[in-house]
Amino acid sequence: MIGSIILTFALACSIFSALMYYLNFRGYKNTLNYGRIGYHSMVLLVLTAAFYLEYLILTHNYGYKYVYDYSSNNLAKGILAATFWAGQEGSFMLWLVLSSIVGLVLQNYSSKRGDLEPRVMAVFSLATTFLLIMVSPLFKNPFAFIWSEPIFLSLKDINPSLLSLPFLQNFQFTDAQSGQSFIKMNSELFATLSSGGISLKEFIINGKGLNPQLLNFWMQIHPPILFTGFSMATVPFSFAMAALMKNDYREWVKQSFPWVLAGAGILGLGIMMGGYWAYEMLGWGGYWAWDPVENSSLIPWLVGVASIHTLLVQRKSQAKGGIGKFAKTNIILCLLTYVLVLYSTFLTRSGVLGDASVHSFVDPGMLVYLFLIIFIGSFLVLGFGMVIYRWKHLSEKIASEEQVLSRDLALFTAAIVLSASALIVLVGTSAPIFGKAVDAFFYSELHVPLAIIIGLLNGLSLLLKWNMTRGKDLLKSSIIPISIALLVTLMIIILGGVKDVMMIILSFSCAFTLAVNIDIAFRIIRGSLNMIGAYIAHIGIALFLLGVIGSAGYSKQIDVNLEKNVPVSALGYEMVFTGYNPIENTNKYQFNISLKKDDKSFSVAPIMYISDFNNGLMREPAIMSMFTHDIYVSPLGYEEDDGSSNKGNAVSFQKGDSKVYEGVKITFDDFNFPPETRQAMMQGKDFEIGVNLTAESHGKKIPLKVAWVNKSGQKTLTSADLKEDNVKITLLNLDASGKVDLALSKLDGSNLSAVKKPKEVLTVTASIKPFINFVWTGVLIMVFGFVISVIRRLKESFK
Amino acid sequence: MKNKYIFGGIIITIFLAIMVYLFTQSNIQYESNFQNVMSKDKVCKATGSWVKSKNYEFDKVNRTFSFFMKDETGNEMKVVYYGSIPNNFESAKSVVVTGEYKDGYFHARDILTKCPSKYQDEKVKSSGL
């Protein structure tokens, strides 16, 4: 209740702030301070609400639906705190909190740059207003009480000392299928409890808990970073709107530039962190599956990065006076970045993707769906309405035209290619709305040529001068990088065994841009470090692409059965499963595998456990990282001899089963049961059903046969002898469904010994991922490049 | 003519053309009626639920995972997936399989498991690139 009230006040403050800022822009001088007070109060209230929610989570207040749904008593403190954003309500709340903090910085930033503040902040507080409506009691409110809508609580979550309360009978239900009992929690039960003086906190003592796959470090850090990126996408939108409002397209470019860079850097880091999470935890061996959730955050990133390139041209060309080149493009791209963030939210939160994603979505209901459409619609109409309104002013004639060999045109082309990529991902991801879907190859096939163009273009653009370059100069300056790139590509072909033509071209394109960027970066190090950001970011991208070529195109994968202590060679390594042990303080087991190659040896330990949360078998891969490749071992299953039913001499075999008796491995291959025999059996004639077995001992395979023989109504079961091994096998029974019972004994009639199955077998998928480290380091280097650029452009934004 | 329009135009046109082509190539229809799934010989995404009463099997030799699925009207079909059991399969509420129906069963190359609504931010990957 308190939480909802605080949020409602925050909403009022946000609307007030937007209004006051707007009035200030329209010329009411005295409203600027009201706008600021409104915004700051809103931030204060939002933070209070967030701390209150966190407090409810940390104190296990299960009277709140959100707390009950996503947390439980047994969670470690760090994870417990992170359940704040485990569900839709909380992640909207997280987005809101981060947005309001970003807005705080933006307010400070814009107040120091002329008359920027009222325009930018009016638009920004409009965005926070929409987020506040989203978390209001009407829609996705994290402070909803557990009884606000009827919900079935498991008996184990209810305080056992209160279960004997007589009136609970009326609220108890049993699921006929599973036999489990539930308490139906609704407003009626809440009223009854309160009248009895029992608080919800006393009554409900545990929550549902968190999905085991979210129980890790990445859950604590990935969502906040991703949502910071989302929040920062609002800023370029606000700057573009501010420019349209004032009808001045010169200043906003340098003012928004550090924000666009910072936003793209953070969003990029957040996206790739999600990829690393998938790689490290989920065990399918990759980091990117073109899943709608991944895609939908990639689309705004691509558009944001596209805008960086054209903003740079506009900024450079402003030196000659005027608003500069690509004024329209930049406004549109900056508006689009945020609209696409909203569209991404719509795709992933509205339930339209239902069956399309590995991420499960709850249908949030018609109201939320409509509100999300209104949310996107408002910002789309507002932004593009303004663009149309100002179209004439935006189309200011510029005297000079882009030459073919100019950096201006190369950067523009880069923006086009990035936009094309965004469009492709957008179309593929939106397809499920129309009941269709695309295969992953739709994305990958289109992105290979795009990546090639990006690499070549990037290298080329740095060799080109602004405005115009003579062909001769270009040729001269490109000889060295092209030679280096050819050399590297040759090495990749020979050492890496890359044969695919597209991959060779892509490798060349990456090597080319790498060579150009490293060359320039080194020259710059001697000069001003300030300028090095872009080159570092592009070195990162080139490394990233090389990593993608290696890890996606040339990984080798194999499934292996590892019997305990029996070495198996796979992927050039000798693998031995040495046993398993429980991990301290958890219910998890690690399965130890030692790997040997030449004289180097190391060990990996994938993990499996049965989760209490869903009674499912959970598997976690183990990764051995080396400079040139990763060894990725993902567990599939584990089977062991239970030792109970196999003692004695009667043994059941399923088709294909193998069992070891007295050092002889006996395998049941199949029946010899042709249709004629079947017919003879039906008609009561004589018949013989054979059972084909294989005995294996001392490296030899011996085929054996036992049979059920029916002669003149007399049933005989035959046996087979293995003289060398002193073993006798007698058929006891057979079942046409594929099962036989065999008696195993020693020929000389000595004591029966225990029969053993091949025991303790761990099945794993092992793979080698070449140069996957380049993917991660590439992204980190790229982000580092963004950081340097932000610092530089921040200094320039004052000028 | 402005160079930027030529360059931008060419790139956009080429990629739009390839995209439309690939889209029609890789276009997969969702199918919630198994009778349609069984009658057509085209790759589709069949959506339904796992028949828990008929247990699932994992064939270690051929590395296939097989189970039965039924649609809303109760039509059942056998599904064989070339891979291991997806995490969380036991608690799956609904299943989406991508593949083709032939030789009497559904050859799945991808399984997607959906868990009850409480796992909102579920990240379950069954297969990837």
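Residue numbers start from 1 in every chain, and the chains themselves are labelled A, B, ... in the order their sequence lines are given, proteins ahead of strands. Values below: every heavy atom of this structure, side chains too, minus hydrogens, waters and symmetry copies.
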**Q** Tell me which pairs pass salt bridge (charged side-chain N to carboxylate O under 4.0 Å, His left out) where either residue lies in residues 409-423 of chain A, with sequence neighbours left out.
**A**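 Qualifying pairs: none.
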
**Q** By number, which residues in residues 67-76 of chain B have some heavy atom less than 4.5 Å away from chain A?
**A**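 Within residues 67-76 of chain B, near chain A: nothing under 4.5 Å.
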
**Q** If I measure from the heavy atoms of chain B, does I453(A) come under 4.5 Å with its side chain, its backbone, both, or neither?
**A**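 The side chain, not the backbone.
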
**Q** With a 6.0 Å cut-off (strictly less than), is the heavy-atom count around OH of Y21(B), excluding the residue itself, greater than 12?
**A**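 Not buried by this count: 12 neighbours or fewer within 6.0 Å.
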
**Q** Distance-only criterion, 3.5 Å: show the donor-acceptor pairs between side-chain atoms of residues 409-430 of chain A and protein atoms not counting sequence neighbours.
**A**
| residue | atom | partner | partner atom | Å |
| --- | --- | --- | --- | --- |
| T413(A) | OG1 | L409(A) | O | 2.6 |
| S419(A) | OG | A415(A) | O | 2.7 |
| S421(A) | OG | H447(A) | NE2 | 2.8 |
| T429(A) | OG1 | N295(A) | ND2 | 3.1 |
| T429(A) | OG1 | V425(A) | O | 2.5 |
| S430(A) | OG | Y343(A) | OH | 2.6 |
| S430(A) | OG | L426(A) | O | 2.7 |

**Q** Sort out for me which of S634(A), G286(A), A437(A) touches chain B most, counting heavy-atom pairs under 4.5 Å.
**A**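 Looking at each of S634(A), G286(A), A437(A) in turn, A437(A) comes out on top.
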
**Q** Mind listing the side-chain donor-acceptor pairs of residues 8-16 of chain B below 3.5 Å, one per line with the distance, residues two or more places apart or on another chain?
**A**
| residue | atom | partner | partner atom | Å |
| --- | --- | --- | --- | --- |
| T13(B) | OG1 | G9(B) | O | 2.3 |

